[in-house]
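Only this structure's heavy atoms are used, side chains among them; waters, hydrogens and symmetry mates stay out.
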Amino acid sequence: MERGSGETLACGTGACAALVAGVLTGRADRKAVVELRGGNLEIEWRESGECANHVFMTERRSRFFAARSKSPPAS
C-alpha cells in the first residue's frame with residue numbers, strides 16, 4: 001500500500017525488508033525470489049566480501065516501458 005495511491009503491484013523496499021526479516025528470524029536464506037503481483041524480484045542480502053551487509057534487488061526483465069508519441073500537426 002502506498003499512502004494516497006492505494007495498493008501497488010510491487011514494492012521493492014518491502015521485498016528487501018521481508019527477506020532481511022526472514023533471515024533474522026531463521027525463516028529464509030540470504031538469497032531468494034520474492035513473488036509480487038507485478039512480477040518476481042530476486043533479493044540477496046550479502047554476508048561477506050566488499051558488499052557485505054548490503055541488500056541487492058534484481059529483476060529479469062528486458063523492457064520496463066514503451067510508448068509512442070504523436071506530434072501535433074503544425075499550424
Side-chain angles (χ1 to χ4, degrees):
M1 295 294 286
E2 294 286 336
R3 187 175 351 152
S5 63
E7 183 179 6
T8 60
L9 296 179
C11 176
T13 304
C16 290
L19 178 86
V20 170
V23 171
L24 291 175
T25 58
R27 294 183 172 107
D29 293 329
R30 285 183 165 264
K31 187 173 183 179
V33 174
V34 178
E35 297 177 7
L36 305 165
R37 285 180 141 189
N40 295 343
L41 294 174
E42 185 175 292
I43 311 295
E44 179 182 4
W45 184 18
R46 296 213 178 141
E47 187 170 16
S48 60
E50 186 177 325
C51 296
N53 210 34
H54 286 76
V55 180
F56 293 88
M57 172 179 55
T58 56
E59 179 183 24
R60 302 196 190 282
R61 187 174 282 194
S62 57
R63 185 189 318 186
F64 285 101
F65 178 78
R68 290 187 181 177
S69 176
K70 214 176 197 184
S71 299
S75 1

Spatial distance of atom [atom1] ([X]) from atom [atom2] ([Y]) [nearest 0.5 Å]:
X     : Y     : atom1 : atom2 : answer
Arg30 : Glu44 : CZ    : CD    : 9.5 Å
Glu59 : Ile43 : CD    : CD1   : 10.0 Å
Thr13 : Met57 : OG1   : CE    : 6.5 Å
Thr8  : Arg37 : OG1   : CZ    : 9.5 Å

If you take all heavy atoms of [X] and [Y], which pair is closest and at what distance?
X     : Y     : answer
Leu9  : Leu36 : O-CB, 3.9 Å
Trp45 : Leu19 : N-CD2, 3.9 Å
Ala15 : Val34 : CB-CG1, 3.9 Å

